[in-house]
Amino acid sequence: MKQELKIPQATTKRLPLYYRFIQNFAQEGMERISSKELSEAMKIDSATIRRDFSYFGALGKKGYGYDVQHLLQFFSQTLDQHETTKVALIGVGNLGSALLKYNFQKNHNTHIVVAFDSKAPKDGKMISNIPVFHPDLLEEKYAEYGAELAILTVSPRSAQKMADRLAAMNAKGILNFTPERLTVPDSMQLLTIDLSVELQALIYLIRNQEV
Ligand SMILES: NC(=O)c1ccc[n+]([C@@H]2O[C@H](COP(=O)([O-])OP(=O)(O)OC[C@H]3O[C@@H](n4cnc5c(N)ncnc54)[C@H](O)[C@@H]3O)[C@@H](O)[C@H]2O)c1
């Protein structure tokens with residue numbers, strides 16, 4: 001995605017979802033789609049969809065809707081779906097093991113290629129067909145396996161230390177599953193998935209709806 005476009009994070013997070021739905025529409029042979037149809041399929045309100053798409057210029061025409069092939073090409077290019085992104089996983093405990101096993105099998109463009117855990121032996125071991133090394137080898141193996149970004153599933157107390165090491169190696173980004181609020185340089189992208197926060201937000205939405 002181009003850096004110069006100031007796209008809100010909420011919009012950015014919806015882009016892969018749009019792409020997935022548009023792929024389905026194309027497979028069904030649909031040639032054009034309205035924001036209302038997209039809205040009904042994706043359960044996102046159509047004003048949000050129109051606003052999200054407006055960040056990328058004129059993707060559709062008033063009264064016509066969106067050309068499915070055009071959208072497909074646009075999202076494929078925007079999300080760099082032709083290139084595989086190699087990911088490192090740091091912390092292979094309960095959550096990390098599950099992610100390693102899952103390894104984005106349905107998305108052929110993202111792949112965990114190497115993992116690290118402080119309990120792993122220095123010469124590594126295989127878990128779910130992926131090599132897992134001791135974090136002493138992070139810098140060496142991260143580069144050797146061509147990882148671009150990292151998923152952080154270490155215990156909270158190790159999170160900032162590992163983020164600092166990733167920043168020092170110019171890792172492009174971190175998907176942080178730990179509850180730690182990490183500090184990273186501006187040159188690095190950071191997304192935090194805090195399940196407790198998401199759950200609290202859901203509970204808040206449910207309670208507000210009930211009032
Ligand atoms: N399990 C969940 O459902 C869940 C949900 C949301 C968030 N989290 C968060 O995700 C993180 C992992 O959770 P978990 O349940 O898998 O914990 P876990 O204790 O099972 O696993 C953590 C793993 O990280 C390893 N580790 C610790 N320091 C390390 C380092 N410096 N380098 C490499 N490996 C290191 C440990 O050896 C361990 O295997 C925690 O921060 C937790 O708060 C977990």
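For ligands, and for the atoms within them, numbers begin at 1 and follow the listed sequence. FYI, the numbering just counts along the sequence from 1.
With sequence neighbours excluded, no residue satisfies side chain to side chain donor-acceptor pair (under 3.5 Å) with Arg20. Not counting sequence neighbours, the partners of Lys172 by the salt bridge (charged side-chain N to carboxylate O under 4.0 Å, His left out) test are Glu148.
Screening Thr192, Leu99, Leu195, Asp194 for a side-chain contact (heavy atoms from CB on, under 4.5 Å) involving Phe177 leaves a single residue, Leu99.
Ring centroids of Tyr19 and Phe21 are separated by 6.0 Å or more, keeping the two rings apart.
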Distance dump, ligand 1 polar atoms to protein, N/O, under 3.5 Å:
| from | atom 1 | to | atom 2 | distance (Å) |
| --- | --- | --- | --- | --- |
| ligand 1 | 16 (O) | Asn94 | N | 3.0 |
| ligand 1 | 16 (O) | Leu95 | N | 2.7 |
| ligand 1 | 20 (O) | Asn94 | N | 2.9 |
| ligand 1 | 20 (O) | Asn94 | ND2 | 3.1 |
| ligand 1 | 26 (N) | Ser118 | OG | 3.3 |
| ligand 1 | 28 (N) | Ser158 | OG | 2.9 |
| ligand 1 | 34 (N) | Ser118 | N | 3.2 |
| ligand 1 | 37 (O) | Asp117 | OD1 | 2.7 |
| ligand 1 | 37 (O) | Asp117 | OD2 | 3.4 |
| ligand 1 | 37 (O) | Ser118 | OG | 3.3 |
| ligand 1 | 39 (O) | Asp117 | OD1 | 3.4 |
| ligand 1 | 39 (O) | Asp117 | OD2 | 2.7 |
| ligand 1 | 39 (O) | Lys119 | NZ | 3.4 |
| ligand 1 | 41 (O) | Val154 | O | 2.8 |

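A side-chain N or O of Gln160 and one of Asp164 form a donor-acceptor pair less than 3.5 Å apart.
Taking Ile, Leu, Val, Met, Phe, Trp and Tyr as hydrophobic and joining them when side-chain heavy atoms fall under 4.5 Å apart, one finds Val154 in a cluster with Ile90, Val113, Val114, Phe116, Phe133, Leu137, Leu138, Tyr142, Tyr145, Leu152, Met162, Leu166, Met169, Ile174, Leu182, Val184, Met188, Leu190.
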